[in-house]
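Taking it in order: structure first as structure tokens, then the write-up.
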Number of protein chains: 2
Amino acid sequence: MDSTERLKEKGIRPSHQRIRIYETLASTKAHPSAEAIYKELSEELPTLSRTTVYSTLDLFAEKGLAQRLALSGSELRYDADISRHVHFRCRGCGSVSDLAAVRAPAPPEAQEGYVVESSQFYAEGLCPACSSRLDP
Amino acid sequence: MDSTERLKEKGIRPSHQRIRIYETLASTKAHPSAEAIYKELSEELPTLSRTTVYSTLDLFAEKGLAQRLALSGSELRYDADISRHVHFRCRGCGSVSDLAAVRAPAPPEAQEGYVVESSQFYAEGLCPACSSRLDP
DNA sequence: GAATATATTGTACTTATTACAATCCCGTAT
DNA sequence: ATACGGGATTGTAATAAGTACAATATATTC
């Protein structure tokens, strides 16, 4: 299924900007921030505005087309892979990757009165490159 | 054990500011931000600086005296309860609470080359007050 | 008690994000 | 086809969280 269909399916009007933002997000495993996506697309779409990128990613997260990742780094990161998986943030280089070998916990059941809408499991530490660079 | 001992135990010099910041953090279940702690202590310690609060909380997190919580809200929150438990952020009022009934997952085992130093599991949605206010 | 190290303060700055008003663009009804 | 209306996009300005840094104060060691 192409990106246009994906957006429609989630009730999002598939404008050119939205399609390109989605495709950019979906084509990487780097878990980019809004700024990273903005930079990536700036050449191709010189009039693209930061505000559009921010609000579009926000919309994707609302509509369940992407995950919003709040990690200890400063900026929010996004992931077009909405399957349940564990994220890892390296405090050495700031990169965010998937811990594919780790089974992600199921979303918690709500306690009395709580409505759970999403959940996240993530770890922090050193990635292979940084641990060999900093540790030994 | 008193706060002074706790700080010493973790290799933190127990200055007056640090002790009061720790006690403030330990006396609440609200998971306050640096700013919230700063405001709370400002009356009592009029010369207290934001920078001190930020760097002290950072130090606590480094030394394992507190958990740093990165949630989808804008600011980092802190928790003096370092036991493994699940956090919940309400998108209605922004409050952060513990989901006591939910068993927190164990820290993930590192994949080849990764060094896992900490991990977090959290959920988002509506707290009891907001869900009855917004939903029905 | 002097010398040294560590902690705190205050200010300035950076960076991420949001607010908002103006403009643009697309789909539909005339 | 063309005009209308609403959502989408843009650009600028503002806010808010966090960090850098140099000066000062406080504590610790000799």
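Quick caveat, the model's predicted, so the values are computed rather than measured. Here is the naming used below: chain letters follow the sequence lines, and residue numbers restart at 1 for every chain. FYI, side chains are in, hydrogens and waters are out, and symmetry mates aren't considered; it's all heavy atoms of this structure.
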* To do: Pull out every residue in residues 40-55 of chain B that has a heavy atom closer than 4.0 Å to any atom of DNA chain C, ordered by number, or say none.
  => B:T47, B:L48, B:S49, B:T51, B:T52

* Can you get from B:L69 to B:L25 by hopping between Ile, Leu, Val, Met, Phe, Trp and Tyr side chains that sit under 4.5 Å apart? -> no

* Asked: Quick one: do B:F121 and A:V96 end up in the same hydrophobic cluster if we chain Ile, Leu, Val, Met, Phe, Trp and Tyr together by side-chain heavy atoms under 4.5 Å apart?
  -> no

Listed by chain and number, what are the salt bridge (Lys or Arg N to Asp or Glu O under 4.0 Å) partners of [X], not counting sequence neighbours?
{"X": "A:K8", "result": "A:E5"}
{"X": "A:D58", "result": "A:R68"}
{"X": "B:R20", "result": "B:E23, B:E44"}

* Structure fact -> Note: contacts of residues 14-30 of chain A with DNA chain D (heavy atom, under 4.0 Å) are A:S15, A:Q17, A:R18

* Got a sec? Which of residues 57-76 of chain B come in under 4.0 Å of DNA chain D, heavy atoms? -> B:E75, B:L76

* Who passes ring-ring contact (aromatic ring centres under 6.0 Å, His included) against B:Y78, sequence neighbours left out? -> none

* Qualifying residues under ring-ring contact (aromatic ring centres under 6.0 Å, His included), relative to B:Y122, sequence neighbours excluded -> none

* **5' to 3' contact window, DNA chain D with chain A (heavy-atom distance under 4.0 Å)** => D:dG7 to D:dT12

* **Over all atoms of both residues, closest heavy-atom pair of A:V116 and B:F88** => CG2-CE1, 4.0 Å

* Show your working on side-chain hydrogen bond (donor to acceptor under 3.5 Å, both in side chains) between B:S97 and A:Y114 and close with a plain yes or no. => CA-CA 11 Å; B:S97 50; A:Y114 284 87; 3.3 Å; yes

* Tell me, which pairs form a side-chain hydrogen bond (donor to acceptor under 3.5 Å, both in side chains) where one or both residues lie in residues 46-56 of chain A, sequence neighbours left out? -> A:E35-A:R50

* Got a sec, which pairs hit salt bridge (Lys or Arg N to Asp or Glu O under 4.0 Å) with one end in residues 104-124 of chain B, sequence neighbours left out? -> A:R91-B:E117, B:R89-B:E124

* **Gap between atoms CZ and P, on A:R13 and C:dC25 respectively (whole Å)** => 13 Å

* To do: Measure from the side-chain N and O atoms of A:D98 to the backbone N and O of A:A100, and report whether any donor-acceptor pair falls under 3.5 Å.
  => no

* Dot-bracket pairing map - DNA chain C, Watson-Crick plus G-U, both contacts under 3.5 Å, | cross-strand -> ||||||||||||||||||||||||||||||

* To do: Could you tell me the separation between the OG atom of A:S3 and the CG atom of A:L65, rounded to the nearest 0.5 Å?
  => 9.0 Å

* Working for side-chain hydrogen bond (donor to acceptor under 3.5 Å, both in side chains), residues A:Q120 and B:Q120 -> CA-CA 8 Å; A:Q120 273 287 320; B:Q120 274 287 320; over 6 Å; no

* Asked: Hey, what's the ring geometry for B:H31 with B:H85, parallel, tilted or perpendicular (30° and 60° as the breaks)?
  -> tilted

